[in-house]
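Below is one structure, written out as C-alpha cells; comments come after it.
Note that the numbering runs from 1 along the sequence shown for the chain. These numbers were taken from a predicted model, which means no experiment stands behind them. Both counts, for ligands and for their atoms, begin at 1 and track the order of listing.
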Amino acid sequence: MDSFEKIASLAKRRGFIYPGSEIYGGLAGTWDYGPLGVELKRNLKNEFWRSMVQLRDDVVGIDAAIVMSPKVWEASGHLESFADPLVECKKCHHRFRPDEIANSKSEAPNPKQIRNSKSEIKNKNEELRCPECGGELTEPKQFNLMVETYLGVVEGEKLKTYLRGEITQGVHVNFKNVLSSTRVKPPFGVAQIGKAFRNEITPGGFTFRSREFEQMELQFYTKPDEEESMKWFEYWKEERLTWYLSLGVKKENLHFKEHAKDELAHYARAAFDIEYRVDGVWKEMEGIHHRGDWDVKRHQESSKEDMTYFDEETKERYLPYIVETSGGVDRAALFLLIDAYEEEKLEGGDERTVLKLHPKLAPYKAAVFPLLANKPDLVKLAKTIYDDLKREFMVTWDDRGNIGKRYRAQDEAGTPFCVTVDFDSLEKHDVTVRDRDSMKQDRVSIKELKSYFSKKLE
Ligand code: GAP
C-alpha cells in the first residue's frame with residue numbers, strides 16, 4: 001500500500017475521514033470528517049489563527065460569504081482563466097487531466113504550461129494514452145473549474161452564480177471596509193479560513209485533490225513598491241515554512257518549488273509552492289504568491305469603487321500590492337497524518353501503528369482508563385480525573401479490553417498520553433502516565449496532573 005492508501009484505511013477505521021455520501025455509493029471528491037478528524041482539523045485551524053492573527057499586530061481576520069456576486073468572478077479573471085486542461089479518451093470517453101495520467105511527473109505536461117503553450121503540449125500529449133483502455137486521447141481542452149449555483153426562488157429569474165473557487169476574493173472586495181473599520185494600514189494582512197469548491201477533473205489522492213475543501217489564507221497588502229513587496233514575499237515564504245516545521249513536519253519532507261514563468265496562475269507575478277514529499281514524490285501543500293495589484297485593480301475597474309489607499313503621512317494614494325499565502329487545510333491535515341504515521345516493531349516481536357502527531361494537533365491530548373472496568377472504586381476515581389481534565393483539555397475515556405489494547409488504540413489515534421488508574425492510585429493518589437512516543441511511564445500525583453499536561457502540551 002502507498003502512503004495515501006495506508007492513511008485512507010486508518011482514517012476510515014479510526015474515524016478521521018470517511019468518503020462523502022458513502023451509503024449512496026459516494027460522491028467523488030467529497031469527504032466527511034469523523035470525530036477524530038474534526039478535532040485534528042480544528043486544532044490545525046486554531047494554530048493557523050493563533051500564529052497568523054492572534055500573535056500579530058499587523059494581521060486581522062475575516063469570514064466572508066461563500067457565494068458572491070458573479071461580477072466578482074468576472075473581475076477576478078476566474079470565469080475566463082480558472083481552467084485546467086482536459087483530455088478525453090476517443091474509445092472509452094473517460095476524461096482526465098493530462099498531467100495525472102503520465103507515468104512519471106516529469107513526463108507530464110503541467111496544466112499551467114498547457115494553458116500557456118498549446119503546441120508544445122500537443123507533442124507531449126501525443127505520447128499519452130488512456131490509462132483505462134489504452135485508447136487515443138483528444139487534444140487538451142480548457143475546462144473551467146468554477147462550480148455553478150443558482151440563487152432565488154422564482155424559476156427563470158434565478159441568479160446564476162458560483163461557489164467560490166478560492167477564498168481570496170472575499171478579502172479583496174472588503175479591502176476598504178477593513179481599512180475604514182479598523183486601525184490597520186499597509187503593510188498589513190487579512191487572514192481567512194473557509195471552504196472553497198472546484199470542479200476538479202480528476203479528484204484523487206484521498207483528500208489531496210477534492211471538489212470541496214478548506215483553505216487558510218493571508219492576503220498581505222504592501223506599498224506598490226517592487227523592493228518592499230518582494231521583501232514581504234520572502235518574509236512570508238520563510239514564516240510559512242517555519243510554521244509547518246513548528247507543527248512537527250519532518251524537515252527533509254518539505255521544500256520550496258519556484259513556479260516557472262509559464263506555470264504562473266493568471267493573477268501571479270511570482271510564486272513558490274511549499275511542497276511535501278510523499279513516497280518520494282513532491283506535492284504542493286501551500287502556495288505563496290505575489291499577486292501585484294491584480295485583484296484590487298480589477299475590482300476597482302469592474303465595480304467603479306475607489307479601491308486606493310491614501311497614506312495620511314506621506315500624502316501618497318495608491319493601489320496596494322498583495323502577497324498571498326494560501327494553504328489547504330485538508331491537504332495539510334493529510335500530509336500531517338502521513339508524516340506522523342509509523343509502523344514500529346516492538347520488543348518481543350509485537351508491532352504497533354502509531355500517529356506521532358504534534359500534541360498541539362492530536363485530537364485527544366490524553367486518554368483516561370481505569371485498570372479494570374469491573375472495579376467500581378477504580379472506575380469512580382478514573383471518572384473523577386476524566387471529568388476534571390476534560391474542562392481544560394480534549395480527553396477521552398476507554399475501559400474496553402486490556403490495557404495493551406487500549407494503548408494500541410490510542411497510539412493509532414495519535415493520543416500523546418494515557419492515564420491509568422490502578423489499585424495504588426487509591427492509596428497513593430497518583431496515576432501512571434504513559435508517553436505515546438517513548439512508551440515510557442511516569443508516576444504522577446493526581447493533583448499535579450493538570451499542570452503536568454499543561455507543561456507537556458506547551
Ligand atoms: N488563492 C490562491 C489559491 O487558491 P491555489 O494554489 O489554487 O491558490 C491554494 O490553492 C492551496 O489550496 C493549495 O496549495 C492546496 O493546498 C489547496 N487546494 C487547492 N486545490 C485543492 C483541491 N482541489 N483539494 C484540496 N486542496 C486544494
**Message:** I'd like to know if E234 and K237 make a salt bridge, using a cut-off of under 4.0 Å between side-chain N and carboxylate O.
**Reply:** yes
**Prompt:** With a 4.0 Å cut-off on heavy atoms, does M216 reach ligand 1?
**Reply:** no
**Prompt:** Ion pair present between E412 and R13, side-chain N to carboxylate O less than 4.0 angstrom?
**Reply:** yes
**Atom indices of ligand 1, in the order listed, that fall short of 4.0 Å to a heavy atom of M285** = 14 (O), 15 (C), 16 (O)
**Item:** R211 near ligand 1 by a heavy-atom separation under 4.0 Å
**Value:** no
**Message:** Could you tell me, atom by atom, which parts of ligand 1 come under 4.0 Å of a heavy atom of R291?
**Reply:** 1 (N), 2 (C)
**Message:** Any carboxylate oxygen within less than 4.0 angstrom of a Lys/Arg side-chain nitrogen, looking at R291 and E166?
**Reply:** yes
**Prompt:** Are any of the N or O atoms of H289 closer than 3.5 Å to those of ligand 1?
**Reply:** no
**Message:** Strictly below 4.0 Å, N to O, side chains only: are R240 and E286 in salt-bridge contact?
**Reply:** yes
Could you go through residues 328-335 and list every donor-acceptor pair under 3.5 Å that involves a side-chain atom there, pairing it with any protein atom two or more places apart or in another chain?
{"residue": "D330", "atom": "OD1", "partner": "E214", "partner atom": "N", "Å": "2.6"}
{"residue": "D330", "atom": "OD2", "partner": "Y33", "partner atom": "OH", "Å": "2.7"}
{"residue": "D330", "atom": "OD2", "partner": "K41", "partner atom": "NZ", "Å": "2.8"}
{"residue": "R331", "atom": "NE", "partner": "F208", "partner atom": "O", "Å": "2.9"}
{"residue": "R331", "atom": "NH1", "partner": "E284", "partner atom": "O", "Å": "3.0"}
{"residue": "R331", "atom": "NH2", "partner": "F208", "partner atom": "O", "Å": "3.0"}

Sequence neighbours excluded and cut-off under 3.5 Å, please list the side-chain donor-acceptor pairs for residues 191-203, or say none.
{"residue": "Q192", "atom": "OE1", "partner": "A64", "partner atom": "N", "Å": "2.7"}
{"residue": "Q192", "atom": "NE2", "partner": "I167", "partner atom": "O", "Å": "2.9"}
{"residue": "K195", "atom": "NZ", "partner": "E212", "partner atom": "OE2", "Å": "2.7"}
{"residue": "R198", "atom": "NE", "partner": "G165", "partner atom": "O", "Å": "2.8"}
{"residue": "R198", "atom": "NH2", "partner": "G165", "partner atom": "O", "Å": "3.1"}

**Message:** Quick check: E284 and ligand 1, any N/O pair under 3.5 Å apart?
**Reply:** yes
**Asked** Between S76, G204, A196, S326, which one has a non-hydrogen atom sitting closest to atom 3 (C) of ligand 1?
**Response** S326
**Request:** Ignoring angles and geometry beyond distance, decide whether T207 reaches within less than 3.5 Å of ligand 1 through its nitrogen or oxygen atoms.
**Result:** no
**Structural part of F82 in contact with ligand 1, heavy atom criterion under 4.0 angstrom** = neither
**Asked** Is the number of heavy atoms from other residues, nucleotides or ligands under 6.0 Å of D57 CG greater than 12?
**Response** no
**Prompt:** Heavy-atom contacts under 4.0 Å between R198 and ligand 1: side chain, backbone, both, or neither?
**Reply:** side chain
**Prompt:** For G328, is at least one N or O under 3.5 Å away from an N or O on ligand 1?
**Reply:** yes
**Item:** salt bridge (Lys or Arg N to Asp or Glu O under 4.0 Å), paired with D411, selected from R434, R406, K405
**Value:** R434
**Message:** Side chain or backbone, does E166 bring an N or O within less than 3.5 Å of an N or O on ligand 1?
**Reply:** yes
**Request:** Between E214 and ligand 1, find which residue part has any heavy-atom pair under 4.0 Å and reply side chain, backbone, both or neither.
**Result:** neither
**Asked** Above 12 or not: heavy atoms from other molecules or residues under 6.0 Å from CZ of R391?
**Response** no
**Fill in**
So the atoms of ligand 1 within less than 4.0 Å of a heavy atom of E200 turn out to be 22 (C), 23 (N)
**Asked** Is ligand 1 under 4.0 Å from a heavy atom in the side chain of E324, in the backbone, in both, or in neither?
**Response** side chain
